Amino acid sequence: MAVRWTWLTTALVLLGSRPSLSEAASVAPEDKIVSYPPSVRTKPGSFIVEMDETLRATSANAFIKNIESVADVTVSNQFTKAFNGFAVAATASTDPVQLAKIRGVKRVWPVRYHTLSYEKPSLNTTSNFLHHMTGVERVLREMGISGKGVKIGIVDSGVDYNHPELGACWKTPGCPWQYGADYIGDKYDFLSDSPVVDPNPTPMDCDGHGTHVSGIIGARGPTIQGVAPNATLGMYRVFSCPVAGQVSAPDDILLQGIEAAFMDGHDIISLSLGGGGWPEDPLSVACARIADQGVVVVAANGNDGRNGLFTAGSPAVGRGVISVGSVDNWNVTGPVATINTALGSRVIYLSVSDADRPFDFPLDVPLVAPLDVSGSHLGCANHTVSLAGKAALVERGICSFSEKALLAQQAGAVALLVYNNVDGVTSPATDAEVNIPVAMIYAADGRFALDGLANGVVTVSAAKNTFGTFPSDLGGGMSDFSSFGPSPELGISPVISAPGGNIFSTYPLNQGRFATLSGTSMATPYVSGVAALLKQARPELGVKDIQRLLLTTAKPLNHKDTGKLIHPYWSGSGLVNVYDAIKARAGINPPVLSLNDTHYGVVEGLSENHEPVRWSSATITIKNTDGSRGMSVVAGELVADSLSMYAANGTLLPVPRTWPDNNSNNVTVACNTLPRVVYPNIRHVVAGESVDLHVYIVAPSGLSESDRWFYGGFLNFTLQWEGESSKSTFVVPYAGYNGNYRNLDVLSSSSLSGLPALADSSEGIISDPSQLVVSKNSTALLLYSIDVPTRVVSATMVDANNKTLGYLGYGYQEYNIRNLPLSEPSISGALIADSVYKDKEGTVEMAVPPGKYHVRLEALRPFGDVKNKRDYQTWDSASFIVK
């Protein structure tokens, strides 16, 4: 068995800078250093030094002097507001322990890179979001609220402020852009060990992402209607131009932009960026501190939804941050073509692969559905006839879009249409070798063309820059790319969702003026704009009030396959509705229930037939903010589907399994396989007063705990005020683990995945480790997979007397996210050699005496104590020889 372990070379290079976990101010210096797994790209010789809260700006000068007393170390930035600490520039050989020894240091973090949370653009455009689905249209039109007087700071890739729909201005009187700066410039190459930071005078965008985000918030028409078109905006450019098709920026520059936005006094900070992380990450800590100081922080939850659970990113998982998931747009508008047949004509939507190869055929072109040499319409083998001067129609499947396009191109086709084999369409990505236009079309449009071909000649035509609007059959559902929670500590993330799939917005003038992007990057500015509308309408609201109202007035989303509501770990509270948030006359607290601590036993009123149940309890406060009318309360529950990362046979799944499953929509589902909520009797709340409800949430006892289900749903409160016929509905999402989360294994099962395992240097699994001999000239690998995020993973070499000699190469890692099955690297590992490291940082190497040894892999279980060995999952390899 061969395994791809693409970061091995990098891991060997980085062995000199391996950090450790900080538990308290009194811990040893080496335990204040944080280590990322080798799959996380970091900036060599750069660190974030976090100060203890007792040492702030008053002692900063002395602190800087102490830091710079370490050889080859300089302080490049100081953070005093959003983050309490410094960015430090050193050399790749600098020992971070020297920084950790300085009095007042709380943690030392390697500077890591973060990415923008979006998918690549195409020529496709989408009609304005159907703002009425989120209440935005009513707020703009009926209430005349447009974000005026509210300040929104956007930390992103810059903005083309010359765009006419974004004001065509920069910091002039009456201009929407009154704040911001460039912190990175156009020359930054994140792949370089010494990237150049050379900021421009203004934050002009050379990527496009920030301009697109800006239009979602503040575009003023006529093409794009932003959510809060009269808000005052600031752009803090922290991402440079694309390098190798990617855009990435380090912690230290991101912290500069975030802190500047905070110090400029913005009411809301919008962050369409992130990556897998923990609430303890520097960006998460900074954003949590900002939120605690009165600023609404909105962040993208991430685009790793196709990798399943535990894919929420940082800083979205920061405490107090509004993390946002993505919902697909309801309408799709884009390039169109006309198909002419003997049976009639049809205008169809084209999802085009590349803006540089538009589907431009003003005159009719013959359309054919050729058979390839395998007798298939899939177009995955050589075609049997010449396609010269014709457009080819093939079915999606089996091979890639590029392969289909190249085969059609080789046969002489002038264009390729690929009809889908499922609902919806996607942008068909193709390689540079493809030079004919390629477009995907809906399955129904493909069938229409095939029916026409069965009755005669079919032609297709498409005029350049001609667009049409079509309903999307995926509209209103969660975007498949939208990341799932929970956070590593079982927090619900995202906490809310907004339109983010197929969003048409502004784009740099030199890149086409408008474009469609998809991602939680697009949903995040939507919620930022919504928060501005709420802030203008109700300026007295604080950060927690805004979050509470947005979450409790959101609308849970239905799962089109199971018939149940979508789990809060994917959708949060549901689709945002700002009109209902503004009009709300009640407050519900807390707005989410993350059930990370459950009880087990027989409880009267909760147990059925005296069987033990797993349950949680919480106190919900309902406040009637109407000072003149009492209100009645009807409490209920809305059940969501349960999620598991595993198939029935225990194998790991990229997309979570659901219960009820896709086939049970019309089948009676046993009640004990669903969670339930038990409320006390509550009838009435007098004007201006509050009541506390002590509620019990019972886990689904009918689902096997060995299947490792995460259950969830929504507390549902229907409120009606005296003398009124209308009612208002509020929700509180809840979610938890159907079992003892503290006892959960975090490593993949060796019996099912084959990991953990020992592998040779060619990455082949060693079936008989007793034959393995490690020496100066022969190394081996420990390979393993992390299913559940874990604070600490250690890999050590142990002798025949069960004595630990030291850590393997890259044998101590912290703040690990789970390995993502569809992303690199899908596994983790460590190096087995004839030497080990006495320290966690990997700076003190020692030779291993010849003899028989085995590897011990330990991973901290959820909520475990780092210093308590009983809180670790442990795996011991078979013995091997070192000589």
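For the numbers below, each heavy atom of this structure counts, side chains included, while hydrogens, waters and symmetry mates do not. Because the structure is predicted, anything quoted here is derived from the model rather than measured.
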field: Ser270 side chain vs Ser528 backbone, donor-acceptor pair below 3.5 Å
entry: no
- prompt: Between Thr524 (side chain) and Ala300 (backbone), is there a donor-acceptor pair under 3.5 Å?
  reply: yes
task: State whether the side chain of Asn301 and the backbone N or O of Ser323 hold a donor-acceptor pair below 3.5 Å, judged by distance alone.
output: no
message: Strictly below 4.0 Å, N to O, side chains only: are Lys544 and Asp292 in salt-bridge contact?
response: no
- prompt: Relative to the ring of Phe484, is the ring of Trp570 parallel (under 30°), tilted (30 to 60°) or perpendicular (over 60°)?
  reply: parallel
task: Take the angle between the ring planes of Tyr507 and His212 and call it parallel below 30°, perpendicular above 60°, tilted in between.
output: perpendicular
field: Ion pair check, Arg538 and Asp545, cut-off under 4.0 Å
entry: no
message: Classify the ring geometry of His266 against Tyr236: parallel below 30°, tilted from 30° to 60°, perpendicular beyond 60°.
response: perpendicular
task: Name the orientation class of the two ring planes belonging to Tyr815 and Trp278 (parallel below 30°, tilted from 30 to 60°, perpendicular beyond 60°).
output: perpendicular
query: In terms of the angle between their ring planes, are Phe710 and Tyr741 parallel, tilted or perpendicular, with boundaries placed at 30° and 60°?
result: perpendicular
field: Ionic contact status for Asp580 with Lys555, cut-off 4.0 Å
entry: yes
task: Could you tell me whether the side chain of Asn84 and the main chain of Asp52 form a donor-acceptor pair under 3.5 Å?
output: yes
message: Can you see whether Phe481 has Arg306 sitting over its ring - NZ or CZ less than 6.0 Å from the centre and within 45° of the normal?
response: no
- request: Verify the distance criterion only: is there a donor paired with an acceptor across the side chains of Asp186 and Asn200 at less than 3.5 Å?
  value: yes
task: Decide, yes or no, whether a salt bridge links Asp251 with Lys43 under the criterion of side-chain N to carboxylate O below 4.0 Å.
output: no
- prompt: Side chain of His567, backbone of Tyr711: donor and acceptor closer than 3.5 Å?
  reply: yes
- prompt: How are the rings of Phe83 and Phe79 set to each other: parallel, tilted or perpendicular (split at 30° and 60°)?
  reply: perpendicular
query: If you measure only the distance, is there a donor-acceptor pair under 3.5 Å linking the side chains of Thr42 and Tyr36?
result: no
query: Stepwise, does the side-chain hydrogen bond (donor to acceptor under 3.5 Å, both in side chains) test hold for His209 with Ser521?
result: CA-CA 8 Å; His209 183 277; Ser521 270; 2.8 Å; yes
message: Is a donor from one side chain sitting under 3.5 angstrom from an acceptor on the other, for Asn819 and Ser826?
response: no
message: Please tell me whether Ser482 and Ser326 have a donor and an acceptor in their side chains that are separated by less than 3.5 angstrom.
response: no
Val788 side chain reached by Arg818 side chain, heavy atoms, under 4.5 Å: no
- prompt: So, are Glu280 and Arg319 salt-bridged, with charged N and O less than 4.0 Å apart?
  reply: yes
Closest heavy-atom pair and its distance - Ala498, Leu575: CA-CD1, 4.1 Å
